[in-house]
Amino acid sequence: MAVELCLLLLLLCGSTVSEVQPLHKPPPGTLDFGFVPAKTYDTNAYHEPGPIGILFRLVHSFLYLVQPNSFPQDLIKKLTQQKFGNVQGDYQKLFLSQLQAIYYEIGFIVSAALGLLFVLLLPLVGLCFCMCRCCDNCGGEMHQRQKKNADCRRGCFAAFLFVASLIISIGVLCAYAANQHLTSQVRGAKNLVHSNFKDLRIFLNDTPGQIDYLVSQYNTAKNKALSDLNNVGPLLGSRVQERFAKEVRPALDAALTMAGAIRETKEALENVSVSVEVLQEGTERLHSNLTDVKIHLSNTLSDSACSAAQAASTCNIIRNSLNQLNINANFSGLPGVSTQLAKVNDVLKIDLSSLVQKGYAAFNDTPDLVLNQTRNILSDIKNLLDLIGSNITSFTQMLPVQKILADLTIYLTQSEAYVQDYFPLVEQYDFYRWLGCLILCCMVILILVFYYLGLLCGTCGYDKHASPTTRGCISNTGGNFLMAGVGFSFLFSWVLMMTVVITFVTGGNVEKLVCEPFEDRTLFKVLDTPYLLNRHWRNYLSAIVLKNPDINLTFEKVYSDCKENKGIYTTLHLENLFNINEFLNISMYTEDVSLKIEHINVNLSNIVLLDEIGKRNLLDFSSSGIDGINFAAYLTEINKSVTKVDLLSFANDLEARADQLPKGALENALKGHANSIRMIHNQQVVPLEQAMSTLNQSIRLLQRTSSEFMVKVRNVISAVDAAQFLISNDASLVIIQETKKYMDMIIGYFEQYVEWVKESITMEVAACKPIANVIDTAVDIFLCSYVIDSVNSFWFGLGGCSIFLIPAIICAVKLSKYYRRMDTEDVYDDSVEQW
């Protein structure tokens, strides 16, 4: 009942995951659902024996020598099937299976047989030995014959006995260490058991919180979806806008550029008109001033001073250069641009830039347009998301989690109380076992004490000059100690060996048939054999847990998954027991959300990029007649200089020639005229040159752009019409495509939530590490590491002691003859020797 309740609780962890495959690819954006809350388990299912581990490994090596065969899977399967009645009785097969078992156990059987032979024969031999000695045979006669190699024999027997005693001492130390290790581990097992129960309690208490956390994280996906729904304008509207922006923005940019070109054209025409007017007035005034300068210079040159021989040539040169003082460019004949300027001014009466900005504003209002036109649909979607969340919450409230938890907690508490109540009894029985093993060790120690005392007293009290009948008391006592050790060896050896045989057969087989196959998980493979434990069930574990023997649920897979701390929902394949789809079908809700979103229909027909007035305005500008201006006439006059001669150069030359004349009124008059010419240049020629520069820039600008205006206007109008056509006719298709992407993004949040729940259920929720720890604690640590390793080490040490008692007995009996005081000795007659 408790197992079923536990499994039912753990399968509830999957109550928030859908088994339906996602209908859409997840969006690139990833939601952060955080980490499922989980506490750390205290139990460390690993045991390090410490220095005694060397002894354990030595025992394992000895067992491998005794039993080198691999784990008999097939044999175990056959015997188990016969045991549980899964195979019909066939005495021949049964006999063959028994033979195979005997062949597998041959090492243990032979060893046990030798041990039993030891148990039977050694006491019998001891009895016969005692009876024989009572009859003054078998060394019982207190007479020692003199031999030449007596000292060598005595030393060899003493050395052999010491070595045997030393080996027996090592064996009894190993047995005592194993006995103490088992007792200390049993006493410390209480904390390990408490730690496992604590982890199981954490396992049960944390599971509801983990379920609640999974359910609560639906709000993460929901809030993200609501956020995107509230921002449907910037998200969906911006996407639609970006699809049209490739066509619309260049068209509007070109129209806005054309509006700027119209203003530049007007400025250029105004500059031309003003510059021509300035040049015409300036050249007339300049012509008049230059004429006056020439008249004054002519009058000056008519002075009598120029008739002098020194001045005549200079005056003639100056007189001949007066024709250069004249204007060169004639702007009076240039055609005006007032007509073109008037037409452009008429065009500018309509603010084309404002019309284009309205087109920009209408296009940029697409997100707001989408938001306003989808307000009702988005409200329905939000209500649907709230309904999904309430359904999930109500479903989890229907689950009897608290009742199951209470039952499991009661069962766990009762189990822990049972263990706590019986643990003192276990410690009490372990004390009896410890005491019994200690008595056995004391038996061996007693024998060793007699042997060591015999060797000590015999060696220290031996006098090689004394005859066998005159040996000292200490030497005689040493011999008696040795014979006492022999006697106790005969008395205790069969008890020691019987204990060794029983513990050897039991501990060795448990090590080979349980511990080793558990370590390499071969034992689980045997348990997972189809129809092994029940001939009607293919998979025993799935039949017990899931009530369906056909589901592939194996002990090995469950143990491995729990060892890796995976969730118990996946470990036990609880999806076969609890159909989540019947209770929480997110795909049904996602379909509803998809239908709601697909009904979004945005009308962009109200967007007008450039109305007919703006287009007419562009056409009027292209027909303003700018291309009819006589640019050649303007450029011809502009390329001319203002005057035929550079007035500054002329003035400088005039002043230089005046310096060649004699000092007087003529020189001063010519220098005065030179200053007048410089003044005319600075005050009239320089402004005229600036006006000509302005005229040159404006005319060239008009000439460069006038030939392109017609083509550019047509291109602008064509681009605007194409963009307008795209919005008017392709908007529905674009909106459908972008709405599909937007829908995938919204639904993708819930698919991410489902995938996250699946992964959490698999790896994090109700992680069954404590179950694997309980198995490891019970089998690997307590049974194998604590009990079996200690028991095997105990019989290994005690068995070594028992075996080496035989050579110790022989050596002690032989050696005692050299230590004990004899009643008679060999006497040699001198006459006989002389004869």
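Residue numbers run from 1 in the order of the sequence given. Only this structure's heavy atoms are used, side chains among them; waters, hydrogens and symmetry mates stay out.
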To the nearest 0.5 angstrom, please state how far the CH2 atom of Trp795 sits from the OG1 atom of Thr499.
-> 13.5 Å
Worked check of side chain to side chain donor-acceptor pair (under 3.5 Å) between Gln428 and Asp430 = CA-CA 5 Å; Gln428 182 179 0; Asp430 179 71; over 6 Å; no
For Ile54, look at atom CD1 and say whether over 12 heavy atoms of other residues, nucleotides or ligands are found less than 6.0 Å away.
-> no
What's the verdict on side chain to side chain contact (heavy atoms under 4.5 Å, CB included) for Cys784 and Glu516, showing C-alpha distance, side-chain angles and the deciding distance?
-> CA-CA 9 Å; Cys784 296; Glu516 289 186 2; over 6 Å; no
Does a sphere of radius 6.0 Å around CZ in Arg187 hold more than 12 heavy atoms from other residues, nucleotides or ligands, not counting ones at 6.0 Å or beyond?
-> no
Could Arg201 and Glu416 be called an ion pair, given the rule that one side-chain N must be under 4.0 Å from one carboxylate O?
-> yes
Can you check side chain to side chain contact (heavy atoms under 4.5 Å, CB included) on Thr506 and Ile788, steps first, answer last?
-> CA-CA 9 Å; Thr506 304; Ile788 298 303; 5.9 Å; no
Hey, does Val59 have a side-chain heavy atom less than 4.5 Å from the side chain of Asp789?
-> no
With distance as the sole criterion, is a donor-acceptor pair present between the side chains of Asn792 and His60 under 3.5 Å?
-> no
Quick check: are there more than 12 heavy atoms from other residues, nucleotides or ligands sitting under 6.0 Å from CZ of Phe804?
-> no
Indicate the atoms forming the closest heavy-atom contact of Thr571 with Cys768, along with that distance.
-> OG1-SG, 3.8 Å
Measuring from Leu455:CG to Leu482:CG, what's the distance to the nearest 0.5 Å?
-> 6.0 Å
Side chain to side chain contact (heavy atoms under 4.5 Å, CB included) between Met498 and Ile502, worked out = CA-CA 6 Å; Met498 180 61 71; Ile502 294 173; 4.1 Å; yes
Student check: side-chain heavy atoms of Ile809 and Phe490 closer than 4.5 Å | yes
Between the side chains of Tyr418 and Gln414, is a donor N or O closer than 3.5 angstrom to an acceptor N or O?
-> no
Do you know the tightest heavy-atom contact between Val500 and Gly799?
-> CG2-N, 3.5 Å
Nearest 0.5 Å, what's the CG-CD distance between Leu527 and Glu556?
-> 10.5 Å
Tyr452 and Ser169: side chain donor to acceptor below 3.5 Å | yes
Calculate, to the nearest 0.5 Å, the distance between atoms CG and CG belonging to Leu55 and Leu173 respectively.
-> 11.0 Å
CD of Glu519: more than 12 outside heavy atoms within 6.0 angstrom?
-> no
What's the spacing between Ile775 CD1 and Cys562 SG if we round to 0.5 Å?
-> 7.0 Å
Might you confirm whether atom CZ of Phe524 has over 12 heavy atoms from other residues, nucleotides or ligands at distances under 6.0 Å?
-> yes
Are Arg153 and Leu815 close enough that some pair of their side-chain heavy atoms sits under 4.5 Å apart?
-> no
Taking the side chain as every heavy atom from C-beta outward, state whether Phe118 and Ile806 have any pair of such atoms under 4.5 Å apart.
-> yes
So, do Phe504 and Ser111 sit near enough that their side-chain heavy atoms are less than 4.5 Å apart?
-> yes
Rounded to the nearest 0.5 Å, what separation is found between the CG atom of Leu63 and the SG atom of Cys515?
-> 10.5 Å
Would you find more than 12 non-hydrogen atoms of other residues, nucleotides or ligands less than 6.0 Å from Tyr176 atom OH?
-> no
Polar side chain donor-acceptor pair, Asn509 to Glu511, under 3.5 angstrom = no
For ring pair (Phe, Tyr, Trp, His ring centres under 6.0 Å), just list the numbers for Tyr422 and Tyr429, CA-CA rounded to whole Å, side-chain angles, deciding distance to a tenth of an Å, and then say yes or no.
-> CA-CA 11 Å; Tyr422 279 89; Tyr429 282 125; over 10 Å; no
For Tyr451 against Ser489, the heavy-atom pair lying closest together = OH-OG, 3.1 Å
Carboxylate-amine/guanidinium contact Lys563 Asp776, below 4.0 Å | yes
State, yes or no, whether a side-chain contact exists between Ser790 and Phe794 at a heavy-atom distance under 4.5 Å.
-> no
Sequence neighbours left out, what passes side-chain hydrogen bond (donor to acceptor under 3.5 Å, both in side chains) with Gln180? Give chain and number order.
-> Trp434
Checking side chain to side chain contact (heavy atoms under 4.5 Å, CB included) for the pair Leu114/Val501: CA distance, chi angles, key distance, verdict?
-> CA-CA 9 Å; Leu114 294 176; Val501 170; over 6 Å; no
So do the side chains of Tyr104 and Lys512 get within less than 4.5 Å of each other, counting heavy atoms only?
-> yes
Look at the rings of Phe488 and Phe450 and say which category their plane angle falls in: under 30° parallel, 30 to 60° tilted, over 60° perpendicular.
-> parallel
Where do His181 and Phe56 land on the ring pair (Phe, Tyr, Trp, His ring centres under 6.0 Å) test, with the steps shown first?
-> CA-CA 11 Å; His181 181 266; Phe56 292 166; 5.4 Å; yes
Taking the side chain as every heavy atom from C-beta outward, state whether Leu127 and Pro123 have any pair of such atoms under 4.5 Å apart.
-> no
Taking every heavy atom of Cys174 against every heavy atom of Gly797, the minimum-distance pair comes out as CB-CA, 4.2 Å
Should we say atom CZ of Phe160 is surrounded by more than 12 heavy atoms from elsewhere, each under 6.0 Å from it?
-> no
Closest approach of Val419 and Val193, non-hydrogen atoms and distance?
-> CG1-CG1, 3.6 Å
Where do Ser493 and Leu122 come nearest, in terms of heavy atoms and distance?
-> OG-CD2, 2.8 Å
